[in-house]
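Read through the structure below, which is laid out as structure tokens, and then see the notes.
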There are 2 protein chains.
Amino acid sequence: MDIPSGVTARKRISESTIHRLSRYFRTLSLLERENFETVSSKELAKREKLTPSQVRKDLSFFGSFGTRGLGYPVAELKAKVSKILGIDRVWRVALVGIGNIGSALVSYKEFIKQGFHIVKLFDNDQRKIGSNHKGIIVSDIKNLRTELQDDHIEMVIVAVPATVAQYIVDDVVKAEVKAILNFAPVNLKVPSGVHVRNENMEMELEYLSFAMVNNHSPKGVGKD
Amino acid sequence: MDIPSGVTARKRISESTIHRLSRYFRTLSLLERENFETVSSKELAKREKLTPSQVRKDLSFFGSFGTRGLGYPVAELKAKVSKILGIDRVWRVALVGIGNIGSALVSYKEFIKQGFHIVKLFDNDQRKIGSNHKGIIVSDIKNLRTELQDDHIEMVIVAVPATVAQYIVDDVVKAEVKAILNFAPVNLKVPSGVHVRNENMEMELEYLSFAMVNNHSPKGVGKD
DNA sequence: ATACTCATGTGAAATGCTTCACAATTTATA
DNA sequence: TATAAATTGTGAAGCATTTCACATGAGTAT
């Protein structure tokens, strides 16, 4: 088959597949540090609590990266996965809202590690505007649109209160930014073509709560 | 059918259904504040970008809460959903690791709103131990196990570096805590019966990145 | 060489999830 | 009271995702 990693592929890759690729990427980085030359779908599956066939199927959507009898070359596969995910480059990210969550995200190591560079900060609080966070001066949110454009920002993280999130996002959209990661607990409206993902931390606590109350055990992990 | 909310129900509720219940809960709270008496599956679906049948099917797993011709009574449905999710009560939560993320979570409003009360904090840093965060004195992580037990903690949020997360979790497990929300970028090992959910913030950025690079548009939203 | 083992890649089968379509029930209206 | 409109609850159909199973190829040992 041999699909040029994620460009021509037109078979609707599912959201879960993409999420699993993220997980593979992290595990491959780890395996690389542990000096593994190759890794089998079995080993990868074990580490991620998946089935080996799932791993193979996921990867096979994008090409054929392994060697029969041997497995996948770790470094190479990692490079391929990072290319598929589009993280084989740097993304210029702006963060709006320097509150509790926002401040935490500025120094969040995993973002940088994967090429997400927060290069602009915005807030509406006069006490914060002009202050320095990890080397970045906080801008006035009034200039959001123009500064996003002037600085060629490609992604925006929204970490403002629910009440103002939509206004912010309207501006972000006007600045032609096509990707938004939203931490505010609201459903944002954006025109088609703009991607929004919501980070909803209480959801996972709720899942735990549900699981406890209902004795809900995770799906049994099979063999191959 | 009439299943006594989530106790006898044995039909394997999918993870997505639970996550959607979380979303319904949030929207129902909003509708309540907007003084809606009732809401139709159509309206709920519109707000969540789902199909009305999806909404009805999700709810019908747990009983029959609506009235034909009218819709669902908002307040009542909200109460039912919160019971299903197990958030019609207070959960005693401990937070381990008062770093960037940890500090942000201590004051995270959405947790409290939904009954997740962070009542204990732990860290290993002498400068932090004994200090006061939002009225809670930070405990020494050395006493993790005993204090979790003495204080009847039911859930633990892990916000420590990847390198130490597993050690923390081993202790948490010894303290008989059955629910863990993990922010550390590692796959934790726990015995069966212990629930772990991972909060993986870079995953959503990666999804955005993938979507941008591949022109991946969200699945078309249908009507009913 | 030959046989044996390991492990990928992939159609086909199995399973799971979502949407359809409609009977049933309620409210509103004349 | 009859008719029309709204909307639920749910089997069945339609799709999507996961798992199975096996042909195929690579490495290893004798």
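In what follows, chains carry the letters A, B, and so on, assigned in the order in which the sequence lines appear, proteins first and then strands, with residues in each chain numbered from 1. Everything numeric in this text was worked out from a predicted model, so none of it was measured.
At the heavy-atom level, A:Lys57 lies under 4.0 Å from base atoms of the strands shown. Using a 4.0 Å heavy-atom cutoff across all strands shown, B:Thr17 reaches no nucleic acid atom at all.
Atom NZ in B:Lys80 sits roughly 11 Å away from atom P in D:dG9 (whole-Å rounding). The separation between A:Leu77 atom CG and C:dT8 atom P is 11 Å, rounded to whole Å. Computed from coordinates, the A:Ile18 CD1 to D:dT17 C1' distance equals 14 Å when rounded to whole Å. If you take NZ of A:Lys42 and P of C:dT8, they are 10 Å apart, rounded to a whole angstrom. In this structure, B:Phe61 atom CZ and C:dG16 atom P are separated by 12 Å, rounded to whole Å. We find that CD of A:Glu15 is positioned 13 Å from C1' of D:dT17, with the value rounded to whole Å. Protein atom CD of A:Gln54 is 16 Å distant from nucleotide atom P of C:dT15, rounded to whole Å. Distance A:Asp58 CG to D:dT18 P: 7 Å, rounded to the nearest Å.
Nearest-nucleotide positions on DNA chain D for A:Ser14 and B:Ser41 put B:Ser41 closer to the 5' end.
Not a single donor-acceptor pair under 3.5 Å links the side chain of A:Thr38 to the backbone N or O of A:Gly71. Within the 3.5 Å criterion, the main-chain N or O of A:Lys120 finds no donor-acceptor partner in the side chain of A:Asp151. Judged by distance alone, with hydrogens and angles left aside, the side-chain atoms of A:Trp91 form no donor-acceptor pair with the main-chain N or O of A:Ile153 at under 3.5 Å.
Taking the centre and axis of the six-membered ring of B:Phe62, the NZ or CZ atom of B:Arg56 falls outside the cone set by 45° and 6.0 Å.
Dashed line: the shortest gap from a side-chain N or O of B:Thr51 to OP1 or OP2 of C:dT18 is not under 4.0 Å. At the phosphate of D:dG9, OP1 or OP2 sits under 4.0 Å from a side-chain N or O atom of B:Tyr72. Dashed line: the shortest gap from a side-chain N or O of B:Ser64 to OP1 or OP2 of D:dG9 is under 4.0 Å. When the side-chain nitrogen and oxygen atoms of A:Arg20 are compared with OP1 and OP2 of D:dT18, one or more of them lie within a distance under 4.0 Å.
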Contacts table for residues 175-182 of chain B: side-chain donor-acceptor under 3.5 angstrom, sequence neighbours left out:
residue  : atom : partner  : partner atom : Å
B:Asn182 : OD1  : B:Ala184 : N            : 2.9
B:Asn182 : ND2  : B:Ala184 : O            : 3.0
B:Asn182 : ND2  : B:Val186 : O            : 3.2
B:Asn182 : ND2  : B:Asn198 : OD1          : 2.8

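Classification of A:Glu48 and A:Arg26 as a salt-bridged pair fails, no side-chain N sitting under 4.0 Å from a carboxylate O.
Taking the side chain of A:Arg56 as heavy atoms from C-beta on, and the options C:dC20, D:dC22, D:dT8, the nearest nucleotide is D:dC22.
Atom CD of B:Gln149 sits in a crowded spot, with more than 12 heavy atoms from other residues, nucleotides or ligands closer than 6.0 Å.
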Distances under 3.5 Å only, N/O to N/O: pair up the protein atoms with those of nucleotides 23-30 of chain D.
residue : atom : partner : partner atom : Å
D:dT24  : O2   : A:Arg68 : NH1          : 2.7
D:dG25  : N2   : A:Gly69 : N            : 3.0
D:dA26  : O4'  : A:Arg68 : O            : 2.9

